Structures are given as C-alpha cells and as structure tokens.
Amino acid sequence: MKVLIVFTHPSKNSFNHALLENIISGLKQAGHEIRIKDLYKENFNPILTGDDLTMLHTNNIPEKIDKEQQQLLWADSLIFIYPLWWFDRPAMLKGWFDVVLTNGLAFEYSSEGVKGLLKHKKALVIITAGGSKQYFIDNDALQLIHRPVTDGTLSFCGIKDVSHQIYYDISNLSDTERQDILNETKTAGLEF
Ligand SMILES: Cc1cc2nc3c(=O)[nH]c(=O)nc-3n(C[C@H](O)[C@H](O)[C@H](O)COP(=O)(O)O)c2cc1C
C-alpha cells in the first residue's frame, strides 16, 4: 500500500514525533511504501491566497498546490498525526487541507449535492490531547475532537473508511503508559 503520513508538530522531541517514528517503523515492517509530509520541517506555507483562489476559479492549479495534490493522489492511504490544539487540528494542518482539498479534485458540487471524489482512499487519524478523557466526557466535547477532521473534511471528500485514535492526558502519563501507546502505534502501522 502507498501511505502518505501527514505529520504536524513543530518539535522533534515531542511525544508526537515518537509516535511518528513508531508508526513509520510498523509500516516499514509491514512492507508499505511510505512518504512523509512533515509540515513544520518543510516549512509548509499553509496560506491559501487570493491569487491562488483566482487561479483555481479559472481551473489553473498554482504550482505549489499541484505539488501537494500529486502527493495526495499518489497515496492509497493517509495517516494524520497531530496534537489537539484548541479542540481541533493545528492551523498548519488546517492550512494543508485548505490548500490541497480543492473543489474539482477532492469534491464537486453536482445536481444531487456534494460529491466526494477521494472515494478509494482510507485514513487513520492519530491525535494526542492534554486533557483527560473524563474532561471531554464531562464537557460533552468528545465529538468535537474528531468530527471536524473525520466528518467535516475526510468524509466530505469521499473518504469513508476513517479510523481515529485519540490519546489523552499526555503530560500525566507514566513511562509505562507512554511505552504502551508507542507499542500500540507501531502495531497500528503493522496492521494497517
Ligand atoms: C496551542 C495549544 C493548544 C492546545 N489546545 C488543547 C486543547 O484544546 N485540548 C487539549 O486537551 N489539549 C490542548 N493542548 C495540549 C496538547 O494537545 C498536548 O500538549 C499535546 O497533545 C501533547 O503532545 P506533545 O508532547 O507531542 O506536544 C494544546 C496545546 C497547545 C500548544
């Protein structure tokens, strides 16, 4: 399988980065072909500009968008790894979606309504959160964590096979709990 990992965290010594390394190792062991988009490392520009929109409206794809879209189209499967920031994805990742998932490539409007065009891909979303699971339950906020990405973005674009894994309370985990999560992520890669 051709797997594109979209990784969004600015620090190399973060837990997210350790998750990235583990999933890569699992995917490699399973024999998948992998490409990694490390958005901060490559200094990705997440801004969809007025000029970009003008070009898109006349069916001209700006070069920077075309480059990203070719990587997306190459992949059978997408894996997103990111920390929860303000109940959502980091702005850098939101910007990647803004730039890449354009009308005509990822979805289109038809007489029957919106049609997702990325039907044959599957996705895994791995999220870390500072809050405890109980906090999100008490505040009726569990859905808020994954709905913007799972439903509002991926499913909207036709990707129905989306699984997500959320790891809570990251800064309060014991070393053993951290290691268990790292092992689980490697297994997710192996079983992908
Ligand atoms: C800008 C910012 C916003 C954050 N917003 C949330 C939030 O809304 N909910 C939450 O549970 N944690 C939030 N956090 C905590 C991070 O999710 C947590 O520190 C991260 O998942 C831990 O992983 P890391 O060590 O790889 O950074 C936020 C952290 C930052 C820096």
Side-chain angles (χ1 to χ4, degrees), residues 3-30 32 34-49 68 71 75 77-101 122-156 159 162-192:
V3 185
L4 178 67
I5 304 177
V6 182
F7 176 71
T8 316
H9 197 294
S11 309
K12 231 187 151 191
N13 56 0
S14 60
F15 188 58
N16 271 259
H17 204 276
L19 291 175
L20 171 69
E21 283 174 359
N22 274 265
I23 202 141
I24 290 173
S25 140
L27 288 166
K28 277 190 178 158
Q29 238 173 286
H32 296 301
I34 311 166
R35 288 189 188 167
I36 301 152
K37 277 213 75 65
D38 185 336
L39 294 175
Y40 279 96
K41 193 173 164 196
E42 67 181 65
N43 209 12
F44 175 72
N45 176 2
I47 298 170
L48 184 65
T49 65
E68 299 299 324
Q71 290 176 331
S77 302
L78 307 168
I79 297 181
F80 299 93
I81 306 174
Y82 61 89
L84 191 72
W85 282 4
W86 299 116
F87 281 56
D88 201 344
R89 65 211 111 168
M92 180 69 112
L93 178 58
K94 172 67 169 50
W96 187 77
F97 285 128
D98 292 344
V99 167
V100 179
L101 300 178
K122 73 174 190 173
L124 168 65
V125 182
I126 300 175
I127 306 171
T128 64
S132 66
K133 185 166 188 184
Q134 196 56 48
Y135 168 86
F136 289 98
I137 292 171
D138 291 346
N139 290 281
D140 195 20
L142 277 177
Q143 294 244 29
L144 283 179
I145 303 179
H146 62 86
R147 280 208 71 187
V149 173
T150 305
D151 297 339
T153 307
L154 300 174
S155 210
F156 184 90
I159 309 177
V162 183
S163 31
H164 63 265
Q165 187 62 54
I166 304 168
Y167 297 112
Y168 298 95
D169 223 357
I170 295 303
S171 49
N172 291 320
L173 296 178
S174 67
D175 287 350
T176 316
E177 286 167 327
R178 280 177 176 248
Q179 195 51 53
D180 285 348
I181 293 175
L182 292 175
N183 294 342
E184 198 176 300
T185 325
K186 183 167 178 180
T187 310
L190 271 169
E191 291 173 354
F192 198 61

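Since we're looking at a predicted model, the values are computed, not measured. Note that ligands are numbered from 1 as they come in the structure, with each ligand's atoms numbered from 1 the same way.
G130 N, 3.1 Å is the protein heavy atom nearest to atom 12 (N) of ligand 1. Scanning the protein for heavy atoms near atom 11 (O) of ligand 1, the closest one is G131 N, 2.8 Å. Ranking protein heavy atoms by distance to atom 9 (N) of ligand 1, first place goes to L84 CD2, 3.6 Å. In this structure, the protein non-hydrogen atom closest to atom 27 (O) of ligand 1 is H9 NE2, 2.7 Å. What sits closest to atom 31 (C) of ligand 1 on the protein, heavy atoms only, is W85 NE1, 3.7 Å. Atom 8 (O) of ligand 1 has F87 N, 2.8 Å as its closest protein atom, hydrogens excluded (heavy atom only). Nearest protein heavy-atom contact of atom 20 (C) of ligand 1 is T128 OG1, 3.6 Å.
Listed by atom number, the atoms of ligand 1 under 4.0 Å from N16 heavy atoms are 23 (O), 24 (P), 26 (O). Listed by atom number, the atoms of ligand 1 under 4.0 Å from F136 heavy atoms are 11 (O). Remark: ligand 1 atoms within the under-4.0 Å shell around heavy atoms of I170 are 22 (C), 23 (O). The distance from ligand 1 to the heavy atoms of F15 drops below 4.0 Å at these ligand atoms: 24 (P), 25 (O), 26 (O).
With rounding to the nearest 0.5 Å, the separation of CD1 in I81 from NE2 in H9 is 11.5 Å. Summarising the geometry, atom CD belonging to Q71 is positioned 4.0 Å from atom NZ belonging to K37; distances are rounded to the nearest 0.5 Å. For the atom pair CD1 of I23 and CD1 of I126, the computed distance is 3.5 Å after rounding to the nearest 0.5 Å. The line from CG of L19 to CZ of R178 is 9.5 Å long, rounded to the nearest 0.5 Å.
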Which pairs would a plain distance check flag for residues 182-190, meaning a side-chain donor or acceptor within less than 3.5 Å of a matching protein atom at least two apart in sequence or in another chain?
{"from": "N183", "atom 1": "OD1", "to": "Q179", "atom 2": "NE2", "distance (Å)": "3.1"}
{"from": "N183", "atom 1": "ND2", "to": "Q179", "atom 2": "O", "distance (Å)": "3.4"}
{"from": "E184", "atom 1": "OE2", "to": "Y167", "atom 2": "OH", "distance (Å)": "3.0"}
{"from": "T185", "atom 1": "OG1", "to": "I181", "atom 2": "O", "distance (Å)": "2.6"}
{"from": "K186", "atom 1": "NZ", "to": "S25", "atom 2": "OG", "distance (Å)": "3.4"}
{"from": "K186", "atom 1": "NZ", "to": "Q29", "atom 2": "OE1", "distance (Å)": "3.2"}
{"from": "T187", "atom 1": "OG1", "to": "N183", "atom 2": "O", "distance (Å)": "2.8"}

Counting only pairs under 3.5 Å, give me each side-chain donor-acceptor contact of residues 83-92, with atom names and distances, residues two or more places apart or in other chains.
{"from": "R89", "atom 1": "NH1", "to": "T153", "atom 2": "OG1", "distance (Å)": "3.0"}
{"from": "R89", "atom 1": "NH2", "to": "P148", "atom 2": "O", "distance (Å)": "3.4"}

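Taking a distance limit of 4.0 Å, we find that atom 5 (N) of ligand 1 is approached by some protein heavy atom.
Taking a 6.0 Å sphere around CG of D138, one finds it holds more than 12 heavy atoms contributed by other residues, nucleotides or ligands.
Seen from the ring of Y82, K94 does not count as a face-on cation partner, given the 6.0 Å and 45° thresholds.
Not close to ligand 1: Y168, with no non-hydrogen atom less than 4.0 angstrom away.
Note: F80 and H164 fail the aromatic proximity criterion, with ring centroids not under 6.0 Å apart.
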